[in-house]
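Please read the structure below before turning to the comments.
Here is how names work: the chains are called A, B, and so on, in the same order as the sequence lines, proteins then strands, and each is numbered from 1. Since the model is a prediction, treat every value here as computed from it, not as a measurement.
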There are 2 protein chains.
Amino acid sequence: MTTRIQKRNRRRILDAALEVFSAQGFRGATLDQIAVEAGLSKPNLLYYFDSKESIHAALLGALLATWIDPLKAIDPAGDPRAEIMSYMRHKLQMAGEFPRESRLFANEILQGAPRMSGFISTDLKALVEDRVRVIQGWVAAGRLAPIDPYHLIFSIWALTQHYADFDAQIRLLRDGADPLDGAEAFLEMLFERLLTPVPVTQADG
Amino acid sequence: MTTRIQKRNRRRILDAALEVFSAQGFRGATLDQIAVEAGLSKPNLLYYFDSKESIHAALLGALLATWIDPLKAIDPAGDPRAEIMSYMRHKLQMAGEFPRESRLFANEILQGAPRMSGFISTDLKALVEDRVRVIQGWVAAGRLAPIDPYHLIFSIWALTQHYADFDAQIRLLRDGADPLDGAEAFLEMLFERLLTPVPVTQADG
DNA sequence: AATGAACTTGACTGAATGGTCAGGCCTGCT
DNA sequence: AGCAGGCCTGACCATTCAGTCAAGTTCATT
């Protein structure tokens with residue numbers, strides 16, 4: 001069983017580790033940094049977790065569920081455009097609320113997903129393929145303008161996570177302003193137009 | 001002056017270092033890895049470069065110019081939509097041709113741009129601000145539908161670099177298919193629609 | 001062929017870092 | 001209060017890694 005102290009310290013460690021891993025990557029992070037950030041001694045860290053690796057694994061494990069939930073929430077019976085817009089909004093909100101998690105994930109993928117390829121090529125792949133089929137179904141039923149479902153999903157990921165992952169760059173370019181300023185309105189417009197079939201004009205014909 | 005051998009070995013080292021740094025990040029990369037990849041001994045690496053840091057600096061330095069060139073190439077006198085589409089296409093092509101450079105850059109920004117904040121907050125910032133003004137000028141002149149110039153630029157960066165930076169994930173999700181398959185057509189459509197003003201329909205009024 | 005400069009390397013050093021361990025300190029329970 | 005188990009730590013170890021160096025080899029030039 002887990003005691004009160006265990007709960008508190010595990011939480012502290014994971015929070016500190018998220019801070020450090022997301023900012024430095026796995027190899028760049030050190031147990032000493034995490035220990036300082038957590039306000040614990042290094043041996044005490046290793047009392048609660050077997051190794052640096054296992055702290056990282058715990059973080060990734062916790063991340064996976066939260067990461068794919070919004071994609072699951074897409075309702076095949078709902079209005080196609082509304083469902084996709086809602087998914088995009090949800091992802092953008094997560095980029096704002098959990099930027100460290102986003103960067104942890106980005107670090108992992110950038111390095112070739114060494115500790116996540118299993119999850120990606122099984123669970124995530126199955127889910128994405130399912131959602132791809134949902135979107136294809138919408139298109140086939142004439143409820144959505146023809147679109148490549150994979151690239152639609154990738155574009156939502158790219159555009160929303162960019163605000164968390166490239167936060168440092170955006171801040172430097174915009175005098176420290178919150179990177180998400182104006183992002184929602186912009187993405188709203190972007191996806192609204194992307195999902196709206198363009199009327200054929202005489203000029204094109 | 002630089003000899004034939006110097007030229008060859010410096011090139012080998014930088015190429016090997018790009019391979020390793022882009023895949024492992026600065027701290028994750030080791031001089032031994034780079035030495036093996038370059039087919040040289042570690043002390044020999046340090047005969048050509050002062051330190052690990054200076055190899056990295058050389059790579060970033062070389063990257064900067066190539067990185068901002070396309071943005072410079074946007075012509076204020078050209079057709080707004082054509083110029084922006086051309087910029088997007090150029091960036092996408094770079095993601096395909098220089099994915100390692102893109103990941104090197106992504107690694108750097110993810111870690112908070114510790115070695116690039118100077119460049120970003122001066123040169124790049126000035127250039128981006130200039131291009132923002134160009135786009136605002138186009139909008140003011142009625143040559144382009146109203147749009148937030150910053151987010152337009154960010155969206156081009158996000159969408160194109162995603163294919164290089166998240167290459168591993170996309171490959172795992174699409175059975176190893178080239179991530180760029182279909183990307184150009186998709187982005188073409190996306191930005192075409194984004195930059196095309198939507199006609200007002202009766203349903204909205 | 002001779003010579004000096006450019007190039008190369010095995011063997012090394014010191015610092016950083018993940019992890020161990022013996023022993024001490026709390027905390028909750030009786 | 002006493003005590004058993006959970007909690008914590010200083011000191012330590014082994015490994016990794018950036019960087020050094022003295023000594024050798026190759027190259028261009030004459």
Side-chain angles (χ1 to χ4, degrees), chain A residues 1-61 104 107-108 110-112 114-116, chain B residues 1-61 104 107-108 110-112 114-116:
Chain A
M1 65 149 270
T2 59
T3 69
R4 187 173 48 84
I5 295 180
Q6 268 172 45
K7 215 165 215 174
R8 186 198 57 187
N9 283 353
R10 275 180 202 274
R11 189 171 297 278
R12 275 192 194 174
I13 292 169
L14 289 176
D15 189 66
L18 177 58
E19 192 70 30
V20 177
F21 279 133
S22 68
Q24 318 271 356
F26 180 77
R27 297 246 356 224
T30 71
L31 287 180
D32 292 276
Q33 286 174 343
I34 298 173
V36 168
E37 183 82 22
L40 299 171
S41 70
K42 183 167 66 164
N44 208 7
L45 250 61
L46 293 161
Y47 174 76
Y48 289 102
F49 290 90
D50 285 345
S51 61
K52 181 184 180 181
E53 193 76 47
S54 83
I55 299 177
H56 193 253
L59 281 177
L60 281 189
L104 182 72
N107 261 306
E108 183 61 16
L110 256 185
Q111 330 262 307
R115 304 153 215 276
M116 273 187 56
Chain B
M1 65 145 267
T2 60
T3 70
R4 186 174 47 84
I5 295 180
Q6 268 171 45
K7 215 166 219 173
R8 188 200 55 187
N9 283 354
R10 275 179 202 273
R11 189 170 298 276
R12 276 191 194 174
I13 292 170
L14 289 176
D15 190 66
L18 178 57
E19 192 70 30
V20 177
F21 280 133
S22 68
Q24 319 269 356
F26 181 77
R27 296 247 353 227
T30 71
L31 287 179
D32 291 276
Q33 285 174 324
I34 298 174
V36 168
E37 182 83 21
L40 298 171
S41 70
K42 183 168 67 166
N44 208 7
L45 249 61
L46 293 161
Y47 173 75
Y48 289 101
F49 290 90
D50 287 345
S51 61
K52 181 184 180 183
E53 193 75 47
S54 84
I55 299 178
H56 193 254
L59 281 177
L60 281 189
L104 182 72
N107 261 305
E108 184 61 15
L110 256 185
Q111 332 261 307
R115 305 153 214 279
M116 272 187 58

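- Here the P atom of nucleotide D:dT16 and the CD atom of B:Gln24 are 15 Å apart, to the nearest Å.
- For DNA chain D, no neighbouring residue in residues 11-22 of chain B is found when judged by any heavy atom under 4.0 Å.
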Pairs under 3.5 angstrom, nitrogen or oxygen only, protein versus nucleotides 23-30 of chain C, please.
| unit_1 | atom_1 | unit_2 | atom_2 | d |
| --- | --- | --- | --- | --- |
| C:dG28 | OP1 | A:Arg4 | NH2 | 2.5 |

Can you build the contact string for nucleotides 14-20 of chain C? Use B for base contact, S for sugar-phosphate-only contact, and - for no protein heavy atom under 4.0 Å. ---SBBB
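- Distance B:Lys7 NZ to C:dA6 C1': 17 Å, rounded to the nearest Å.
- Looking at heavy atoms from C-beta onward, A:Gln111 lies in side-chain contact with B:Asn107 at the 4.5 angstrom threshold.
- For residues 49-60 of chain B, the side-chain hydrogen bond (donor to acceptor under 3.5 Å, both in side chains) pairs, not counting sequence neighbours, are B:Glu53-B:Arg115.
- The distance from atom CZ of B:Phe49 to atom CD1 of B:Ile55, rounded to the nearest 0.5 Å, is 6.0 Å.
- Contact between the side-chain N/O atoms of B:Asn9 and the OP1/OP2 oxygens of C:dT8 is found at a separation under 4.0 Å.
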Under 3.5 Å, which donor-acceptor pairs do the side chains of residues 32-45 of chain B form with other protein atoms, sequence neighbours left out?
| unit_1 | atom_1 | unit_2 | atom_2 | d |
| --- | --- | --- | --- | --- |
| B:Gln33 | OE1 | B:Thr30 | N | 3.0 |
| B:Ser41 | OG | B:Asn44 | N | 3.3 |

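- The end-to-end axis angle of the helix from C:dA1-D:dT30 to C:dT30-D:dA1, rounded to 10 degrees and based on five pairs per end, is 20°.
- An OP1 or OP2 oxygen of C:dC7 is reached within less than 4.0 angstrom by a side-chain nitrogen or oxygen of B:Gln6.
- Protein atom OH of B:Tyr47 is 17 Å distant from nucleotide atom P of C:dG10, rounded to whole Å.
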List the atom pairs, donor and acceptor, that lie under 3.5 Å between side-chain atoms in residues 7-17 of chain A and the rest of the protein, sequence neighbours left out.
| unit_1 | atom_1 | unit_2 | atom_2 | d |
| --- | --- | --- | --- | --- |
| A:Asn9 | ND2 | A:Tyr48 | OH | 3.1 |
| A:Arg10 | NH1 | A:Tyr48 | O | 3.2 |
| A:Asp15 | OD1 | A:Arg100 | NH2 | 3.0 |

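- A straight line from CD of B:Gln33 to P of D:dT16 spans 13 Å, rounded to a whole angstrom.
- Nearest heavy atom pair, residue A:Gln6 against residue A:Thr2, reads OE1-CA, 3.4 Å.
- Atom-to-atom, CZ of B:Phe49 to P of C:dT8 comes out at 13 Å; the value is rounded to the nearest Å.
- Between the CG atom of B:Asn44 and the C1' atom of D:dA23 there is a distance of 15 Å, given to the nearest Å.
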